[in-house]
Amino acid sequence: MYATGADSSTPPLRLPVLLDMKSEARKIVAATAYDATFGALLDRNQVDLILVGDSLGMVVEGRANTLSVSVETMLYHTRATARGVKRALLVADMPFGSFPDPASSFRHAARLVGEGGASMVKLEGAGYVLDSIHYLAERDIPVCAHLGLTPQSVHRLGGFKVQGRGQDAAETIRQATSAVAAAGASVLVLECIPASLAAEITRSLPIPTIGIGAGPDCDGQILVCYDLFGFGNGRRPRFVKNFLSGAASADAAVADYVVAVRSGAFPAPEHCY
C-alpha cells in the first residue's frame with residue numbers, strides 16, 4: 001500500500017530499490033519537473049523518480065525542440081528541483097552536445113550530480129554514447145538510457161514520430177536496448193514505440209524500463225508534470241492523460257496518477273501505439 005504525504009522522515013529512494021521493484025513486479029512511478037514547487041508536489045505524493053528533463057526547452061522556454069538547452073540551464077533547474085525533493089530519485093538530463101565523448105560526459109555529469117544534486121543522469125541514444133555510459137557507470141555516476149523517440153535526434157528522425165515500427169526498425173531498437181544495458185545503464189526510458197515491442201524489451205532486460213508512449217508492460221511510466229495537469233497548447237500526444245480533470249487539487253491529481261500507474265490502469269489502450 002502506497003500512502004501519500006511523504007515527510008522528512010521518509011528515507012530517500014535509492015537505485016537498488018528500483019531494481020527490487022522490477023524483480024517484484026511493482027510499478028515505478030516517474031514524472032518530469034523543472035523547479036522546487038513541482039518537485040515537492042510530486043515527491044510528497046510518492047512519485048518514485050523525478051526527471052529534470054531538457055524538455056524544459058519546449059515546455060518552459062517555448063522553443064520548437066530541446067536542442068538549445070545548455071548544461072548551465074540544466075544545472076540551474078536540477079539544483080532548483082532538488083530543493084523540493086526529499087524521497088524520490090532525482091535524475092537530470094544531459095542536454096544536446098554535452099556527451100560527445102566520455103571525458104566531456106563525465107565533466108558535465110559530475111556537475112549535475114555534485115552541484116545540481118542529481119542521483120543519476122540521462123543520456124539519449126546508443127552507438128557512440130555507449131562509451132560514455134560505460135565511462136560514467138565505472139566512475140559511480142548511475143546512468144538512465146533513453147531509446148525509441150529521442151528528441152535530441154529530431155532532425156535525423158524527421159520529427160517527433162513513433163519509432164520501432166516494422167521488423168528492421170524494431171530489431172535496431174532491440175539491439176540498442178541490449179547494448180545500453182551491457183554498457184552499464186541502470187534504467188532505460190522507452191519513448192513512443194509499439195507496446196508489444198516495449199513489452200518484449202522489458203521482459204528481456206535486467207534493468208527497469210520506464211515508458212512514455214510505450215504501453216502498459218514497461219516496469220514504470222513517466223509523464224511531464226505539465227502534461228499530467230493538462231497544461232500546454234497545441235496537439236496533445238496520444239500517451240498523455242489529464243489527471244487534473246475532475247480532481248479536487250493538484251495533490252489529488254498526482255495521487256490519482258500514482259494509483260493509476262501502480263495498478264496498471266494507466267496507460268490504457270487509447271494511450272498506446
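- Going from atom CD1 of I28 over to atom CD1 of I222 covers 11.0 Å, rounded to the nearest 0.5 Å.
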What side-chain donor-acceptor pairs closer than 3.5 Å can you find for residues 113-121, not counting sequence neighbours?
residue: E115; atom: OE1; partner: R111; partner atom: NH2; Å: 3.3
residue: E115; atom: OE2; partner: R111; partner atom: NE; Å: 2.9

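- Side-chain contact between Y257 and N45 is absent, with no heavy atoms from C-beta onward closer than 4.5 Å.
- In this structure, the separation between CG on L123 and CG on L147 is 10.5 Å, given to the nearest 0.5 Å.
- Atom OH of Y226 is separated from atom CG of N242 by 15.0 Å, given to the nearest 0.5 angstrom.
- Side-chain contact between F106 and L136: present, with at least one pair of heavy atoms (C-beta onward) separated by less than 4.5 Å.
- Counting only heavy atoms from C-beta outward, the side chains of L130 and V180 approach each other to under 4.5 Å.
- Residue pairs meeting the side-chain hydrogen bond (donor to acceptor under 3.5 Å, both in side chains) criterion with at least one member in residues 130-141, sequence neighbours excluded, are S105-S132.
- Counting heavy atoms from C-beta outward, L56 and M74 have side chains that approach closer than 4.5 Å.
- At distances below 3.5 Å, not a single donor-acceptor pair connects side-chain atoms of K22 with backbone N or O atoms of G220.
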Donor-acceptor contacts under 3.5 Å from residues 96-104 side chains, at least two apart:
residue: S98; atom: OG; partner: P95; partner atom: O; Å: 2.6
residue: D101; atom: OD1; partner: A103; partner atom: N; Å: 3.2
residue: D101; atom: OD1; partner: S104; partner atom: N; Å: 2.8
residue: D101; atom: OD1; partner: S104; partner atom: OG; Å: 3.0
residue: D101; atom: OD2; partner: S104; partner atom: OG; Å: 3.1

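- Side chains of Y34 and S55: a donor-acceptor N/O pair is present below 3.5 angstrom, by distance only.
- No donor-acceptor distance shorter than 3.5 angstrom exists from the side chain of Q163 to the backbone of T150, with no hydrogens or angles considered.
- Here the side chains of L244 and F231 are in contact, with some heavy-atom distance below 4.5 Å.
- Of the charged side-chain nitrogens involved, none lies within less than 4.0 Å of a carboxylate oxygen, so that R26 and D219 do not count as a salt-bridged pair.
- The main-chain N or O of T78 is never found under 3.5 Å from a side-chain atom of T81 such that the two would form a donor-acceptor pair.
- For the pair L41/D251, a side-chain contact is recorded, criterion being any heavy-atom separation below 4.5 Å from C-beta on.
- D54 and R63 are not joined by a salt bridge, as no carboxylate oxygen comes within less than 4.0 angstrom of a charged side-chain nitrogen.
- Two residues are said to be in side-chain contact when any heavy atoms from C-beta on lie closer than 4.5 Å; T66 and Q152 meet this criterion.
- Within the 3.5 Å criterion, the main-chain N or O of K27 finds a donor-acceptor partner in the side chain of R262.
- No donor-acceptor distance shorter than 3.5 angstrom exists from the side chain of S153 to the backbone of L149, with no hydrogens or angles considered.
- There is no side-chain donor-acceptor pair under 3.5 Å between Q167 and E171.
- Between the side chain of D217 and the backbone N or O of A199, no donor-acceptor pair lies under 3.5 Å.
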